[in-house]
Amino acid sequence: MIYPMKEIIQIREISKNYDGITAVDNLTLSIPEGTIYGILGPNGAGKTTTLRITLNIIEPDSGEVLFRNKKVNLETLNRVGYLPEERGLYPKETAIEVLIYLALLKGMKKIEARKRAMELLEKFGLRDRADAKIEELSKGMQQKLQFISVLIHDPEILILDEPFSGLDPINAELLRETIMGEKAKGKTIIFSTHILEQAEKMCDYVALISRGRKVVDGKLSEIKASYGKRTVKIEFDGNGEALREIPHKSLRLYERFAEIETDLEINEILRRLLDRVKIIKIERTEPTLNQVYFNLVGGEGENSHNN
Ligand code: ATP
């Protein structure tokens, strides 16, 4: 896929095998600068491996990653903030000590690091816990702290592996706003998730991957538009089994909600359902990312909705 925008990262034909398991299979992605880019796929799809290769933490068996057309080096990595999937900070140290330590590793001066750490602790509602030991903080607080450590040196690129996992809705919203704020400042944000609804709300570009391979990538709006408005979303009350009888190309049926890909007119759908379920809302729309994913990879993506 060719993007009109300038690419900040190019992932070129990377592959990685682990003892016969292909984690990443000839994957090529272009990340346009200043965008939010979602790497999406179910558990085990190869998202973490892709991010680790991008960050030069592991070597690919083949292929390469370029940052602004150059091989990654220490200097480029200092301009990246990385939130790994496995979280963990030094439990016996205090929040402020850890933040300053990590900032120094990224080349910041101590005074500057302390100032920035205090500003971010304030922003994330943790200022009064600056001197608390990591082990004394709740899991969510530790996660926020880890996110602060990603931002502390004001990186140009944020690479976040499953950043929303484990956050309550308020903190998830705070994280979402922070990510959007970083984008507004011109930063590039790459994040992985298996929660497609989350990506749908935020991403400009996405890559859907399955079993280490790219299924589709590009601008989210274009991917969705390419499916046309064949999807009908129905919110209902009652036994949804009646919906199975509507002729369809695909159907995602939940307890009180369904997405149907069908050519039937809304009037006709209503006529067939009226005396069987109570229709609360019905509309013809572009498909959700979930539906795009299911259309492309079928049942392989089942856990992308449930987790
Ligand atoms: P999740 O959403 O569950 O974190 P993921 O999309 O990030 O999944 P990866 O962690 O990249 O997927 O894993 C891709 C495949 O590679 C999996 O089958 C996994 O078991 C395998 N794998 C990853 N890391 C290793 C490793 N260090 N040793 C052996 N196999 C590995």
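Start at 1 and go down the list; that is how both ligands and their atoms are numbered. One-based numbering along the sequence shown.
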> Could you tell me whether some N/O pair between Gly46 and ligand 1 is separated by less than 3.5 angstrom?
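For ligand 1, there is an N or O atom that lies under 3.5 Å from one belonging to Gly46.
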> Where is the nearest protein heavy atom to atom 10 (O) of ligand 1: which residue, which atom, and how far?
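Ranked first by proximity to atom 10 (O) of ligand 1 is Thr48 CB, 3.6 Å.
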> With Leu160 as reference, evaluate Leu83, Ile39, Ile190, Leu51 under the side-chain contact (heavy atoms from CB on, under 4.5 Å) test and give the passing residue.
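For Leu160, the side-chain contact (heavy atoms from CB on, under 4.5 Å) check succeeds only for Leu83.
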> Any nitrogen or oxygen of Glu85, side chain or backbone, less than 3.5 Å from one on ligand 1?
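N/O-N/O distance under 3.5 Å: yes.
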> May I ask you to decide whether Asp161 forms a salt bridge with Arg52, counting only side-chain N to carboxylate O separations under 4.0 Å?
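The answer is no: the pair does not qualify as a salt bridge.
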> Is the shortest distance from a Lys or Arg side-chain nitrogen in Glu268 or Arg272 to a carboxylate oxygen in the other one below 4.0 Å?
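The answer is yes: the pair qualifies as a salt bridge.
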> Which residue supplies the protein heavy atom nearest to atom 2 (O) of ligand 1, what is that atom called, and how far is it?
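Checking every protein heavy atom, the shortest distance to atom 2 (O) of ligand 1 gives Lys47 NZ, 2.8 Å.
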> Looking only at distances, please establish whether an N/O atom of ligand 1 is found under 3.5 Å from an N/O atom of His194.
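No, since none of the N or O atoms of His194 sits under 3.5 Å from an N or O of ligand 1.
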> Against ligand 1, does Lys16 come closer than 4.0 Å with any heavy atom?
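Per 4.0 Å heavy-atom rule, Lys16 does not contact ligand 1.
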> Find all atoms of ligand 1 within a distance of less than 4.0 Å from any non-hydrogen atom belonging to Asn43, and give their numbers and elements.
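Those atoms are 1 (P), 2 (O), 3 (O), 8 (O).
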> What is the closest protein heavy atom to atom 16 (O) of ligand 1, and at what distance does it sit?
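Looking only at protein heavy atoms, the one closest to atom 16 (O) of ligand 1 is Ala23 CB, 3.2 Å.
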> If we set the cut-off at 4.0 Å for heavy atoms, which region of Pro42 has an atom near ligand 1: side chain, backbone, both, or neither?
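The backbone, only.
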> So, regarding Arg52 and ligand 1 (criterion: nitrogen or oxygen to nitrogen or oxygen, under 3.5 Å), is there a contact or not?
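Among all N and O atoms of Arg52, none is under 3.5 Å from an N or O of ligand 1.
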> Which part of Thr49 is near ligand 1, with near meaning a heavy atom under 4.0 Å away: side chain, backbone, both or neither?
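Both parts.
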> Using protein heavy atoms only, decide if any is under 4.0 Å from atom 19 (C) of ligand 1.
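Protein heavy atom within 4.0 Å of atom 19 (C) of ligand 1: absent.
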> Can you check which of Gly41, Gly44, Gly212 brings a heavy atom nearest to atom 17 (C) of ligand 1?
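Answer by nearest heavy atom: Gly44.
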> Given side-chain hydrogen bond (donor to acceptor under 3.5 Å, both in side chains), test Glu259 with Thr288 step by step and report yes or no.
CA-CA 9 Å; Glu259 279 182 12; Thr288 58; 2.8 Å; yes
> Look at atom 12 (O) of ligand 1 and say whether a protein heavy atom is found at less than 4.0 angstrom from it.
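Yes, there is one.
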> Could you find the nearest protein heavy atom to atom 24 (N) of ligand 1 and give me its residue, atom name and distance?
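Ranking protein heavy atoms by distance from atom 24 (N) of ligand 1, first comes Tyr18 CE1, 3.3 Å.
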> Taking the side chain as everything from C-beta on, heavy atoms only, tell me whether Arg256 gets closer than 4.5 Å to Glu235.
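They are not in side-chain contact.
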> Are any of the side-chain nitrogens in Arg68 or Glu33 under 4.0 Å away from the carboxylate oxygens of its partner?
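A salt bridge links Arg68 with Glu33.
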> Within the 4.0 Å heavy-atom shell around Ile21, which atoms of ligand 1 are there?
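Close to Ile21: 18 (O).
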> Enumerate the atoms of ligand 1 whose separation from the nearest heavy atom of Ala45 is less than 4.0 angstrom.
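So the atoms of ligand 1 that pass are 5 (P), 6 (O), 12 (O).
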> Are Glu119 and Lys115 ion-paired here, with the side-chain N under 4.0 Å from a carboxylate O?
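Lys115 and Glu119: salt-bridged.
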> Short list, please: which atoms of ligand 1 are under 4.0 Å from a heavy atom of Glu162?
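Answer for ligand 1: 2 (O).
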> Under the ring-ring contact (aromatic ring centres under 6.0 Å, His included) rule, what pairs show up with a residue in residues 84-110, not counting sequence neighbours?
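Residue pairs with at least one partner in residues 84-110: Tyr90-Tyr101.
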> Verify, without hydrogens or angle tests, whether Lys123 (side chain) and Met118 (backbone) share a donor-acceptor contact under 3.5 angstrom.
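No; zero donor-acceptor contacts below 3.5 Å.
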> For Val24 and Arg213, what are the C-alpha separation, side-chain angles and deciding distance, and is it a side-chain contact (heavy atoms from CB on, under 4.5 Å)?
CA-CA 6 Å; Val24 178; Arg213 291 207 199 127; over 6 Å; no
> For Arg79, is there an ion pair with Glu156 - N to carboxylate O distance below 4.0 angstrom?
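Here Glu156 pairs with Arg79 in a salt bridge, since their nearest N and O are under 4.0 Å apart.
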